[in-house]
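See structure below.
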Amino acid sequence: MMNPKRSSHIAPKTNARHNGKLKEILQSVTYKQKCEPKVEEPDVFNVPVIRQNENCNLLPKYTSVLAKSGEDGISMVDLDMLQQDLEKLLSTSAVRIRYLLAEIGEIDKNCESPEKKTQVKTTIKRKHIDEKPKFKDFKVTLPKNNSDKFWASIEPFCASVTKDDMSFLESLIQEYSRPIDCKIPDTDEHYSNSWSDDSISEDSNPAKKKNSATNGIRKNGLQSLVESFSISPTQKLLAQLLEERVPHYPRNGLNGIKMNQLKDVSKIKTTVSAQKYGTCLDRRLKKELLEQGILTVEDLTRSEPEDEVLSEIKKCRQELVAVNEFNLAELNRLKQATLNDLHCNELKLHLEKLDKHVLDLYNKIIVTRKTAQQEEGDDFDKDVFCEQMSKEYENEVDELITQQLELNRCADDLFSSTQRIY
Amino acid sequence: MPFTADAAAAQQVQERLKSVQQLVHEIEKKRAQCELGIAALQNYTQDEKGGHSSQKLKSLYKNVIAQTEQEEDVIRKALLKITEIRNIKNERRIQARIASNKESLRKGIWMKMLYSSAQTLPLYVGKIGEKPPPLCGAIPADPNYIAKVGDMVAALAKHATEGENWILAEVVCYNHSTSKYEVDDILKEQNQKGRHTLSRSRVIPLPLMRANPETDPQALFPQGTLVMALFPQTTCFYQALVNKPPSTHMDEYELLFEDPNYTEGYSPPHSVVQRYVIACKQKNKQAGQGTS
């Protein structure tokens, strides 16, 4: 194997190329380190270290560099040897770290068994302490039944709209849109009026006695009668009339007696039926005044007192009508929304069906492709078959997908319209 | 004196030399602390023999570890500075070579330089749990690694008279389009016929770092491995068996070269530095046989 080139390079071979001292030093270090594992027990006296008092022997260049003052510096010539010394230091410290770590591992191993026991004990204790409150917390924060109840209560509000809901709504609307037929009956005649009517009819069938009696009342008990009149304008009118006419009455004997008689009668009658006479007179007066053209119908109605009860009733009724109108409008809106929702639901169902169809088709395509590939035969045929199949399916898929899109669009529109309603 | 690249490099080197010196002083301080820590550890075990608490002992151990880590840190810094100095020097050498300033060195001096450059190759001392990087000791380069200009390689070069040989060479350049290296034989007189242009498979980059046997023995070729190594005092690689791997960072491989002149087929043990021992390619064997 030896070839000429090598021999041309070869100089006298010397094995002792090293500095003898250096080798010795190196060997001393290695010897020390190799001894370490043999020593039993954690041995702190064989920690690999180059002591500072060994610097001169083991690290000659390093020592000389240390001795040099800052001005002198290191020359390039020193560098090789210094590097070796530093490498020796580095290697020793790296080995030391490994040695110390191994020692610590040894200590841990020795102490492992007793430490483990104590650790286990403490962990058990801790577990007991920790678990209890945890369990309690769990019970408080997550009651299972309540959540179920809650969801059950929510459920009807979240369920989709059905036709039943729709019919219910429709019935409601029908009910509300019926006209309110609570007619307020016209105020019937006051009982006093019916009495006065009676008295008027009596007047029209004159009986002399009665007539005279009434006349007597008119002539003698006028003052008390005037007082008994309920309506102030009538009172005034009567009062004025009396002032004007009474003085003209001839105070003859007959009249005087009659007057006295009347007084007695009036004493009885005014207390019992003053009201009756009052209203009766009221009406007669009105009648008379209207006939004579002094007062018009309008004037009379104007002067009539307002019917408070009726107005109150009317007011309430108006309010009710307004509320009803509002409710009706709301119900109609709701109806629109539910109609939309119903339509939406239908669309969704349709979409789901379509989705299923698409998936089925996809599976079919895959299966056919696989079978086509597995089937033996000419490659060309296979490809053509695949193409045909895929074209057919593609058309179908296209159709389905366009339908899907359309439905989706409709659903979106409906949804947005429902949102607009509210 | 004009401010040349050389002068700039010289200044950079001087700066680094100074910082190395400072770092050496710092290392000494750290070492003192470490010794104190170790002394404390020893005292503790002496005082309380038999009845010492493991906790206390552990904390003392950890203390020493922390101190050692600090020491290690500073040493690494100092060594990094030295590597930087070497890189600056090497850069200048490559520049000079490009400028074809002929280094008229005698062969003997060359051999010495090759040896010392191998000895001063940076030492890789792995930290705990760290894997040695490629091109550290026996760890090969990544498959697509490309050697840098000025890097030392083993190159399978053709010779008109001597056939093919794995020679020690230096990368001149790498052509990415052709995937070929241009390399110079390390011996100038061999380059008279021009540079070698070789494909990547014919070029093996040499280690860029030495592995530390004390911390990273996995980055060394174990005993009995067939390797390629530079035969002492030559610039050619030959096959050899590892007789004994290095045991310290300054130690060398003990190799038995294949040599039919001996009855066993192997030479007596020769020492070869880590840098010039590389993994053996199966192909090479055939190539070597072909030429013999």
Side-chain angles (χ1 to χ4, degrees), chain A residues 1-15 17-18 22-23 26-27 29-30 33-34 42 44-45 47 49-52 55 62 65-66 68 70 72-76 79-80 82-84 86-98 100-101 103-104 107-108 110-111, chain B residues 13 17-18 20-21 24-25 27-28 31-32 34-35 38 41-42 45 54 57-58 61-62 64-65 68-69 71-72 75-76 78-79 82 85 108 111 116 119-120 123 125-126 128 159 162 165 212 214-215 231-236 238 247-251 258-261 270-271 288 291-292:
Chain A
M1 284 267 298
M2 293 289 144
N3 62 53
K5 188 186 175 182
R6 185 206 280 180
S7 56
S8 72
H9 289 307
I10 285 175
K13 292 177 190 175
T14 48
N15 281 337
R17 230 178 301 137
H18 292 290
L22 185 67
K23 258 206 164 162
L26 293 172
Q27 274 166 0
V29 173
T30 53
Q33 284 158 359
K34 275 182 179 172
V44 290
F45 297 97
V47 174
V49 62
I50 300 170
R51 295 192 176 279
Q52 280 176 314
N55 277 1
Y62 175 86
V65 167
L66 260 183
K68 275 181 186 172
D72 293 343
I74 313 163
S75 66
M76 283 300 292
L79 214 57
D80 289 5
L82 180 64
Q83 187 188 341
Q84 286 183 15
L86 288 176
E87 279 173 358
K88 196 185 291 174
L89 277 173
L90 177 61
S91 182
T92 319
S93 57
V95 170
R96 193 188 314 149
I97 288 175
R98 283 162 174 75
L100 293 170
L101 282 174
E103 287 291 316
I104 288 177
I107 293 168
D108 283 344
N110 291 339
C111 306
Chain B
V13 168
L17 282 173
K18 252 184 201 166
V20 167
Q21 197 180 12
V24 165
H25 283 277
I27 291 166
E28 194 64 4
R31 285 179 65 206
C34 264
E35 267 193 55
I38 293 166
L41 186 64
Q42 288 168 345
T45 45
S54 59
L57 199 63
K58 253 169 83 174
Y61 270 119
K62 277 178 185 167
V64 178
I65 289 174
T68 309
E69 274 169 351
E71 183 195 324
E72 200 184 299
I75 300 169
R76 278 182 199 279
L79 282 168
I82 292 173
I85 291 168
M111 286 296 135
S116 77
Q119 282 246 305
T120 57
L123 179 75
V125 178
I128 306 279
H159 232 270
E162 297 162 12
N165 253 322
N212 185 20
E214 285 155 11
T215 54
F231 196 86
Q233 302 303 317
T234 74
T235 59
C236 280
Y238 298 100
S247 54
T248 71
H249 66 287
M250 290 310 295
D251 214 0
E258 287 180 353
D259 194 336
N261 296 344
H270 289 284
S271 289
T291 54
S292 61

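Convention: sequence-line order gives letters A, B, ...; per-chain numbering from 1.
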_Below 4.5 Å, heavy-atom pairs only: which of B:Glu35, B:Arg31, B:Arg76 has the largest tally toward chain A?_
B:Arg31
_Is B:Val125 in contact with chain A via its backbone, its side chain, both, or neither, using a 4.5 Å heavy-atom distance?_
side chain
*Is A:Arg96 close to B:Ile38 at the side-chain level, that is, under 4.5 Å between some pair of heavy atoms?*
yes
*Roughly how far apart are A:Leu86 CG and B:Ile82 CD1, rounded to 0.5 Å?*
5.0 Å
*Scan A:Val65, A:Leu66, A:Leu82 and name whichever one has a side chain to side chain contact (heavy atoms under 4.5 Å, CB included) with B:Gln21.*
A:Val65
*asked:* Please report the interatomic distance CD(A:Glu87) to CG(B:Leu123), rounded to the nearest 0.5 Å.
replied: 4.5 Å
_Can you tell me how far apart CG (B:Leu17) and CE (A:Met76) are? Round to the nearest 0.5 Å._
6.5 Å
_B:Glu71 (side chain) donor-acceptor with A:Ser93 (main chain) under 3.5 angstrom_ = no
*Report the C-alpha distance between A:Asp80 and B:Gln119 in whole Å, list the side-chain angles of each, state the deciding distance to 0.1 Å, and finish with yes or no for side chain to side chain contact (heavy atoms under 4.5 Å, CB included).*
CA-CA 8 Å; A:Asp80 289 5; B:Gln119 282 246 305; over 6 Å; no
*Supply the atom-to-atom distance A:Leu100 CG to B:Lys58 NZ, rounded to the nearest 0.5 angstrom.*
13.5 Å
*From A:Leu79 CG over to B:Ile85 CD1, what is the distance, rounded to the nearest 0.5 angstrom?*
5.0 Å
_Using modelled atom types and a 3.5 Å cut-off, is there a donor and acceptor pairing between side-chain atoms of B:Glu214 and backbone atoms of A:Thr92?_
no
*Between B:Glu72 and chain A, which part of the residue has a heavy atom less than 4.5 Å away: side chain, backbone, both or neither?*
both
*CG on A:Leu90 to OG1 on B:Thr215, rounded to 0.5 Å*: 8.0 Å
*Please look at B:Ile27 and chain A and tell me whether the side chain, the backbone, both or neither of the residue comes under 4.5 angstrom of a heavy atom of that chain.*
both
